[in-house]
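Notes follow the structure.
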Protein chains: 2
Amino acid sequence: MPEKSPKLLSRRPDTVFITGLSPLVDGGRYPTKRVVGEPLEVQADIFKDGHDVLAAVLKRRKKGARLWEETRMFPTHNDRWAATCAFPDIGHYNVTIEAWSDPYLSWLHDFSRRLEGGQENLHTETQEGAKIIQAAAESAAEGRAEKDAETLEQLAAAVERADPAEVMRQAETPAALELMFQWADRSKSTVMDPPLPVFIERPKAQFSAWYEFFPRSAKGSGDSHSTFRDCLERVKDARDMGFDIVYLPPIHPIGIAHRKGKNNSLNAEPGDVGSPWAIGGPAGGHFAIEPQLGTVKDFEWLVQESRKLGVEVGLDFAINCSPDHPYVKEHPEWFFHRPDGTIKYAENPPKKYQDIYPLNFYCDDWRNLWREMVDIVLYWVEHGVRVFRVDNPHTKPVSFWEYLIAEVQRVAPETIFLSEAFTRPKMMQALAKSGFTQSYTYFTWRVSKQELTDYVTELTKGEMREYFRPNFWPNTPDILPYHLQHAPPAAFKLRAALAATLSTSWGIYSGYEFCENDPFGGKEEYNHSEKYQLTERDWDAPGNIKRFIARLNQIRVENPALQEFANVEFLPVDNDRMLGFYKRSGDGKNIILVVANLDFHQEQHTNLHLPLEKLGLERDAAFRVEDLMFDEIYDWQGSTNYVHLDPRSKPLHILKLLP
Amino acid sequence: MPEKSPKLLSRRPDTVFITGLSPLVDGGRYPTKRVVGEPLEVQADIFKDGHDVLAAVLKRRKKGARLWEETRMFPTHNDRWAATCAFPDIGHYNVTIEAWSDPYLSWLHDFSRRLEGGQENLHTETQEGAKIIQAAAESAAEGRAEKDAETLEQLAAAVERADPAEVMRQAETPAALELMFQWADRSKSTVMDPPLPVFIERPKAQFSAWYEFFPRSAKGSGDSHSTFRDCLERVKDARDMGFDIVYLPPIHPIGIAHRKGKNNSLNAEPGDVGSPWAIGGPAGGHFAIEPQLGTVKDFEWLVQESRKLGVEVGLDFAINCSPDHPYVKEHPEWFFHRPDGTIKYAENPPKKYQDIYPLNFYCDDWRNLWREMVDIVLYWVEHGVRVFRVDNPHTKPVSFWEYLIAEVQRVAPETIFLSEAFTRPKMMQALAKSGFTQSYTYFTWRVSKQELTDYVTELTKGEMREYFRPNFWPNTPDILPYHLQHAPPAAFKLRAALAATLSTSWGIYSGYEFCENDPFGGKEEYNHSEKYQLTERDWDAPGNIKRFIARLNQIRVENPALQEFANVEFLPVDNDRMLGFYKRSGDGKNIILVVANLDFHQEQHTNLHLPLEKLGLERDAAFRVEDLMFDEIYDWQGSTNYVHLDPRSKPLHILKLLP
């Protein structure tokens, strides 16, 4: 037999059992995310042996801060407690719970049961209560809260000389309860450990509208390369459409060796501008600017001028090196090598990408490689950029992104990273957990009612809600989805409106406002893709949907319900080609109902079924809804109302419930 | 701005992302429980950036051991991987996962895609493969596996000189794959940290049948106190009924002050024996034996003799002190005190329990008090006891139990603790997580089909399955449930059979086999409760259901399906007064179907609907079922079969599916 004498415990074990904390991301390994001012409801199971009455507080403090802020928690049911708090600043917070068996509340509870049970002599019990109050008075005095101490002294005296019924009256006043909570004896409290990490970001992390365009085509000329100076017009146009972020594909020198020609042909012709994602040429790599776009000064000018317009300039962070990238000579050890020592180009057999050399993130010199990547991002942060769209992050280690984003946000915590990981669900989730602010999503390919409902439910009703912020894009330079190929303007309006109302962040790649719908090669590629050539474009071409988009973004700004993310609730409609949902703001004051015709070509109609109680309406109530997009008012009554939508004139209703 | 130069990382970050491990209890804070030989399926999300092919193993080792045992994991779907293992010994284990990007598998994958894609020159790629095999050969040589090294050398040479199609044939043989897995390059592997704790207990932790009786009434005489020497007859009787644990209410000296009289009256009369749970008298406390029962020697004799019969003796560990307990004088500091310094008796206002002094587990001397409690249990462990039923554990700190059970199991890891916490769900769960082997449950009060289905589903299909082992009791000395009061024998048979088949552990308090059904005072108490007096009983009284119970326990022992816990599947029956379920053993060979008439008084009939495919039967198959209780065989066909049950003769079928 082993040693039989039981060991003594070194520290006092927990008195209260605190468990089942929510929300947690991977059991607390990753922070739960919120934005400044956004409420966070924390729940936990809190209980203890025996019959004592418990008290609990939710505590939070910024990492590095000394003092905790507290919010009192209250039980809901089945030993579950809850409290809601919000956070004033950007940064990393810790949240924890402190709970204790409260002598005063326990005494009150016992005392009242004795009274009800008809116990006659309550002298001892009265004395006990006075003693508890007296102890609180002493704590208050030690805490130099003289006024509280005095009030508590008086209360103790009053209780001690009162008859039993009077004891309860004295001891249960709101003022007495509040003071006794304030100076409660927490010497045997339990504090949950480890605390829950929470990362608070700026509001734009959650609510943003993105517009992507190629600066080299800013003038809309197919013959002549545009510069940063030409871009301000595009930024103004984006601002007029209500976008608050413009994001630019890579602005760095483009490789010459194996440069891709028009429509991704293997052989570039003289004058072909190449893909901006093949980074690195004679003029430099990720720290440099493609000379035809201008200089760093020009770029800074664009960033400043855009900011004056209320628009942020975002950059594309693409870790691709062309064979001409300076790293190829300066750091050949950062690349993959063949047995013969030559550097490997990118391959996904049998496909070959000779214009791209991938970096080896696990090479022997990985430390310096990883730090260099951080340096690149910080260089552009220094030049005023706080928004990065990251190209293909899923082909680099997740731990690398965790490191890079933490290092950048240590310097500039307001920096936003959008993950362009169109990949497997678990990897997309891992990247979001590891620090990415926002993520591209499968929305681009979710078109049917069932697909949209399932996907948005997955994003908003499960654990993803705590860390994964979707950004809905109907198109990108890489994706003209099949359903938009040769599609009518109704399709472009509808998909934009769904993106902008189902998600708090959304974006389009330029050309969308002109309903560009011409595909290449039976794929989801654009014909004459801007990725490989300068694009001729009349930025005021007739038939554009710029006003529709502008109104859409305006509706988003004017309606708080559309600025909250997880509040989507789908509504039953009787027609499978139609989709209905509503969003209600946290304060309950703003309610937006969306009813969409998912059929781009045919009229559709349906009965829409409303949960009146959840909308704050009486059964059979008559009420008005205002179509914010088409400026019409409808008189509705009761839970079932008729909706008819003709895609040619009105692909959807965005309805505001009028008070 | 803070320091801008990014810090270098000190250790290589994870290459593979391992997350979403299951099963976990509270995120790994508490061990997942299994018994010796019981399979544990571990799953996790395992993935990595890029296109490499991964390999993973499930690793396990006993705490303190140096070497890990490994089982290869395989992907199921959506990046989820799984493997199943079992554990040979009682004790605490760690389980973890090691995963790596496998150069050989990745090379094979690439190579075959190149071949399929029609790539012509594969010389470099062939060389790469040979190099990877050569490296494995060197690892094998370093590991002194000369034979493996030689085989791998030969493989490398063969691959190097083979033409491309032949390369694949050589490299993909099962032997080659196995050897290359054996000597895989794991230098950049990721090991999940922290590991998952698993606690392995003896089979009886999961599968046991308990019988409780009062030793002082062993003879069945209302006039004369029985002794341990009288108990062996009762143990034999229990053994004959198929029970493998007999558990005795406290055997310690009983307090005299405020002793309770018959039927819990406040004033004992001369000769009243008092409640065994009021522990401590002139003859001692928890280390002593009530003199009227005999001596420690007598107790040891009973333990030894019972063991010879295949029955374990379990003790009741009740931390109650009577006013006459030695601690009252020796350790007054361990109790609660009134303002006047006197020791407090137990109260749950307005109820008072003057015969019990509760211990203060948070007193200043808590360390010694807690250790003393461990010493008590270890004292009885030394006297051969390995089963403890713990009285009211929810009125003591959960952290105390975590300490006590760990300390006892450090000495005797096979010790079983049954928690008698009839309290709130979260507390019952917390006690199970903290170390209790088994728990009493709400089964005692779950009588309708809906209640039974919901409760058993909660126990077997959620997280509780991993740590909470139910023990179903139809009655206890404290509970003659309302549905058994004045109930016919059919009720007693039915509730016993449900307990014994729905749960792997079950138990009865003696008297049940005589269908004792006389309540006291409108409560769920027995009349003339044995808790307060000697009980007159004819242990062979006519009308007993001892043979029914014996057969029930025999069926459990003979059918592996009834020895597994989480395999209950309910079956649709068309009658709400009837319940159907089946259990299939892990190897699929043993299938038991139970159909019960929940109505104690009326005949009931129903169609029973079977999921033939899950039972391994063809659509419309003809098959036979054998009623193991009533020795009858039925010919059934297809998924729907008719069942008729008359409670007077046959309250339920326990059917074995015949091959």
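Numbers restart at 1 for each chain; the letters A, B, ... are given by sequence-line order, proteins then strands.
In this structure, A:Ser434 contributes its side chain and A:Leu431 its backbone to no donor-acceptor pair below 3.5 Å. Side-chain atoms of A:Ser106 never come within 3.5 Å of backbone atoms of A:Pro103 as a donor-acceptor pair (strictly under, hydrogens ignored). Checking side-chain atoms of B:Gln409 against main-chain N and O of B:Thr415 turns up a donor-acceptor pair under 3.5 Å. Judged purely by atom type and a 3.5 angstrom limit, B:Trp81 uses its side chain to pair as donor or acceptor with the backbone of B:Ile46.
Across B:Glu116, B:Glu347, B:Met427, the residue that shares the most heavy-atom pairs under 4.5 angstrom with chain A is B:Met427. In terms of non-hydrogen atom pairs under 4.5 Å with chain B, the most contact-rich of A:Gln127, A:Lys352, A:Glu125 is A:Lys352. Ranked by heavy-atom pairs shorter than 4.5 Å toward chain B, the options A:Ala406, A:Pro397, A:Pro350 are led by A:Pro397. Heavy-atom pairs under 4.5 Å with chain A were tallied for B:Ser399, B:Gly118, B:Gly28, B:Pro358; the largest tally goes to B:Ser399. Interface summary for chain B: among A:Gly117, A:Pro425, A:Gly27, A:Ala430, the most heavy-atom pairs under 4.5 angstrom belong to A:Ala430. Each of B:Arg338, B:Gln119, B:Lys433, B:Lys396 has some count of heavy-atom pairs under 4.5 Å with chain A, and the biggest count is that of B:Lys396. Of the listed residues (B:Glu402, B:Lys48, B:Arg367), the one with the most heavy-atom contacts under 4.5 Å to chain A is B:Arg367.
Among all heavy-atom pairs drawn from B:Arg424 and A:Asp79, the shortest one is NH1-OD1, 2.8 Å. Considering all non-hydrogen atoms of both residues, A:Asp185 and A:Trp100 come closest at O-CD1, 3.9 Å.
Interface remark: A:His394 contributes backbone atoms only to the contact with chain B (heavy atom separation under 4.5 Å). Interface remark: B:Asp110 contributes backbone and side-chain atoms alike to the contact with chain A (heavy atom separation under 4.5 Å). Only the side chain of A:Lys188 has a heavy atom closer than 4.5 Å to any heavy atom of chain B. When heavy atoms are compared at a cutoff of 4.5 Å, A:Asn78 approaches chain B by way of both its backbone and its side chain. At a 4.5 Å heavy-atom cutoff, A:Lys351 makes no contact with chain B through either its backbone or its side chain. Heavy-atom distances place both the backbone and the side chain of B:Asn348 under 4.5 Å from chain A.
With sequence neighbours excluded, the residues satisfying ring pair (Phe, Tyr, Trp, His ring centres under 6.0 Å) with B:Tyr379 are B:Phe287, B:His383. The side-chain hydrogen bond (donor to acceptor under 3.5 Å, both in side chains) check on B:Glu414 picks up B:Arg386, with sequence neighbours excluded. By the ring pair (Phe, Tyr, Trp, His ring centres under 6.0 Å) test, A:Trp107 pairs with A:Tyr104, A:Phe111, sequence neighbours left out.
Using non-hydrogen atoms only and a strict 4.5 Å limit, the part of residues 14-22 of chain A facing chain B consists of A:Asp14, A:Thr15, A:Phe17, A:Thr19.
A distance of 6.0 Å or more separates the ring centres of A:Trp366 and A:Phe361.
Taking a 6.0 Å sphere around CG of A:Asp340, one finds it holds more than 12 heavy atoms contributed by other residues, nucleotides or ligands. Atom NE2 of B:His337 is surrounded by more than 12 heavy atoms from other residues, nucleotides or ligands within 6.0 Å.
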